[in-house]
Amino acid sequence: MEEEIICEARERNLKISIVKGILSNGLELKRKFNKKELADYFCFRQSDLFYYDTVFFDIEGENYYLKEKMQNWIQNVITRHTQAKGYLEEAQVFFEKNFGHFEDEYEKSNRFNFDFSILNEMYEKQLKSVVPIIHWGRLPILPEYLMINSGRIPEKGIEEFYDHYHMLQALRRDILGKGVTMDIKGDLTLDKRLTFKVYNRRWGHADTYGITRTVEGWNVSHITNGKSEKDGDGTLIANLNHDSIFFPEEGVKYALSKLWEQAEDGELTLSELQKRLQQVADWISIVEKAVGEGQPDWVGYY
């Protein structure tokens, strides 16, 4: 169920990104696209094409055509967008005057003692009627974690979706030009060879693994070459275990998974990714050295 809403949240933002690209570039729905155009117009990352290409497109050779179902969805959204545009500015002013004031006061207050019944009443009596206008008028890209945590997609029930402080906060950020945007910066750290230098007590020196970030996880080259999941499970963990390296497996898996996500979201340059990868490797080396310190030679347990 969790995996389903994660995919649904990403698909939602990609669909909205397609609509915004169609509108801003005056594109025909029935035209063909190539991979570069999908990245340039719609901010599709390589991972998006890997996982979602057949969700949105019919593919013929190197050409991508929007599925008929997708074209119909886009046209429906464009119609709602066009209808909302004439009322958008007034709705945004009203929203800022009410929720904007509330949020500013809340952020300055002792949050634990704040009376949220004020917001609940405000939403029912004032905001509920303008939120759909702002949503369709702006077509915001929304933080995927909000959709994942709530289990809701806005287009499946706008009034219900925004009936929460953090959803309204995300909408306000979009109005103020501080919202989430789509980009392909994460692709800059894909398929580039990096190193992962780990100390091995068994041989008394450090070994250098080759490691590459891929759309599925990591490719590793060492004694055994092959694929690993985002958390390193697979070839990377197998190589460490083969070399009898002692390391905090769950912590390392968490770190590698987090690092992969940071790189995918474009938060890291290639050099920053290399630096953080080596920090994980250094952590493993410290633990590997520490576990053997003071152990009598005749024990040989670690």
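Residues Leu49 and Leu38 share a closest heavy-atom pair of CD2-CD1, 3.5 Å. Tyr123 and Glu159 get closest at one heavy-atom pair: OH-O, 2.5 Å. Here the closest heavy-atom approach between residue Arg213 and residue Ala263 is recorded as NE-CB, 3.4 Å. Residues Gly226 and Thr235 come closest through the heavy atom pair C-OG1, 3.1 Å. For the residue pair Ser17 and Cys43, the shortest heavy atom distance occurs at OG-CB, 4.2 Å. Across Tyr165 and Glu107, no two heavy atoms sit closer than the pair OH-OE2, 2.7 Å.
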Take Leu139 and His81, measure what side-chain contact (heavy atoms from CB on, under 4.5 Å) needs, and give me the verdict at the end. CA-CA 8 Å; Leu139 300 176; His81 172 72; 3.9 Å; yes
Show, in sequence, the C-alpha distance, side-chain angles and deciding distance for Glu249 and Lys253, and conclude whether the salt bridge (charged side-chain N to carboxylate O under 4.0 Å, His left out) test is met. CA-CA 6 Å; Glu249 184 168 339; Lys253 284 184 173 181; 3.2 Å; yes
Hey, mind stepping through Leu29 and Gln75 against side-chain contact (heavy atoms from CB on, under 4.5 Å) and telling me if it holds? CA-CA 9 Å; Leu29 295 181; Gln75 191 57 63; 3.8 Å; yes
I would like to know whether Glu160 and Arg152 meet salt bridge (charged side-chain N to carboxylate O under 4.0 Å, His left out); could you show each step before the answer? CA-CA 9 Å; Glu160 293 78 12; Arg152 291 179 175 178; over 6 Å; no
Report the C-alpha distance between Arg276 and Glu267 in whole Å, list the side-chain angles of each, state the deciding distance to 0.1 Å, and finish with yes or no for salt bridge (charged side-chain N to carboxylate O under 4.0 Å, His left out). CA-CA 12 Å; Arg276 293 191 182 191; Glu267 297 174 16; over 6 Å; no
Applying side-chain contact (heavy atoms from CB on, under 4.5 Å), run through Phe196 and His222 and close with a yes or a no. CA-CA 10 Å; Phe196 193 78; His222 187 50; over 6 Å; no
May I have the step-by-step check of salt bridge (charged side-chain N to carboxylate O under 4.0 Å, His left out) for Asp104 and Arg172, ending in yes or no? CA-CA 11 Å; Asp104 291 343; Arg172 186 188 183 206; 3.0 Å; yes
Criterion side-chain contact (heavy atoms from CB on, under 4.5 Å) on Ile211 and Thr195, from CA distance to verdict: CA-CA 6 Å; Ile211 188 165; Thr195 57; 6.0 Å; no
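Checking each of Tyr64, Phe33, Phe57, Tyr52 against Phe42 for a ring-ring contact (aromatic ring centres under 6.0 Å, His included) leaves exactly one that passes, namely Phe33. Evaluated for a side-chain contact (heavy atoms from CB on, under 4.5 Å) with Ser150, the options His164, His166, Met167 yield exactly one hit, Met167. Of the listed residues (Glu264, Glu144, Glu3, Glu4), just one forms a salt bridge (Lys or Arg N to Asp or Glu O under 4.0 Å) with Arg10, and that residue is Glu144. Between Asp58 and the options Lys32, Lys67, Lys69, a salt bridge (Lys or Arg N to Asp or Glu O under 4.0 Å) holds for only Lys67.
Between the side chain of Lys197 and the backbone N or O of Ala206, no donor-acceptor pair lies under 3.5 Å. Counting only distance, with no hydrogens or angles, the side chain of Ser285 and the backbone of Val198 share no donor-acceptor pair below 3.5 Å. Looking at Ser109, its side chain does come within 3.5 Å of a backbone N or O of Tyr106 through a donor-acceptor pair. At least one donor-acceptor pair under 3.5 Å links the side chain of Asp187 to the backbone N or O of Gln46. A donor-acceptor distance shorter than 3.5 angstrom exists from the side chain of Asn13 to the backbone of Leu142, with no hydrogens or angles considered.
Between Glu155 and His135 there is a side-chain heavy-atom pair separated by less than 4.5 Å. A 4.5 Å side-chain heavy-atom check between Leu127 and Phe102 finds every atom pair outside the cut-off. Taking the side chain as every heavy atom from C-beta outward, Phe247 and Trp283 never approach each other to under 4.5 Å. In this structure, Trp260 and Asp231 have side chains that are not in contact, with every pair of non-hydrogen atoms separated by 4.5 Å or more. Annotation: side chain of Lys230 is not in contact with side chain of Leu256 (no heavy-atom distance under 4.5 Å). With contacts defined as side-chain heavy-atom distances shorter than 4.5 Å, the pair Val130/Tyr87 does not qualify. No side-chain heavy atom of Val180 sits under 4.5 Å from any side-chain heavy atom of Asp174. By the 4.5 Å heavy-atom criterion applied to side chains, Arg45 and Met182 are not counted as neighbours.
For NZ of Lys275, the number of neighbouring non-hydrogen atoms (other residues, nucleotides, ligands) closer than 6.0 Å is 12 at most. Surrounding CD of Glu272 are more than 12 heavy atoms belonging to other residues, nucleotides or ligands, all under 6.0 Å away. Atom CD of Glu68 has 12 or fewer heavy atoms from other residues, nucleotides or ligands within 6.0 Å.
A donor-acceptor contact closer than 3.5 angstrom is absent between the side chains of Glu124 and Asn120.
The same ILVMFWY cluster, assembled from side-chain heavy atoms under 4.5 Å apart, contains both Met122 and Phe95. Placement of Leu190 and Ile184 in two distinct hydrophobic clusters is found when ILVMFWY residues are connected by side-chain heavy-atom separations under 4.5 Å, directly or transitively. The same ILVMFWY cluster, assembled from side-chain heavy atoms under 4.5 Å apart, contains both Tyr162 and Tyr145. Linking ILVMFWY side-chain heavy atoms closer than 4.5 Å, directly or via other members, places Ile286 and Ile245 in two distinct hydrophobic clusters. Cluster annotation: Leu168 and Ile118 are assigned to the same hydrophobic cluster (Ile/Leu/Val/Met/Phe/Trp/Tyr, side-chain heavy-atom contacts under 4.5 Å, transitive).
One distance of note links OG1 of Thr189 with CG of Leu194; it measures 8.5 Å at 0.5 Å rounding. With values rounded to the nearest 0.5 angstrom, Gln92 atom CD is found 10.5 Å from Ile133 atom CD1. To the nearest 0.5 Å, atoms CD1 (Ile223) and CG (Asp243) are separated by 4.0 Å. Taken from CD in Gln71 to NZ in Lys30, the straight-line distance is 4.5 Å, to the nearest 0.5 Å. One finds the CD1 atom of Ile74 at 9.5 Å from the CG atom of Leu23 (value rounded to the nearest 0.5 Å). With rounding to the nearest 0.5 angstrom, the CG atom of Leu66 is 9.5 Å from the CG atom of Leu27.
Annotation: cation-pi geometry not satisfied between Arg201 and Tyr199 (NZ/CZ under 6.0 angstrom from ring centroid, within 45° of ring axis).
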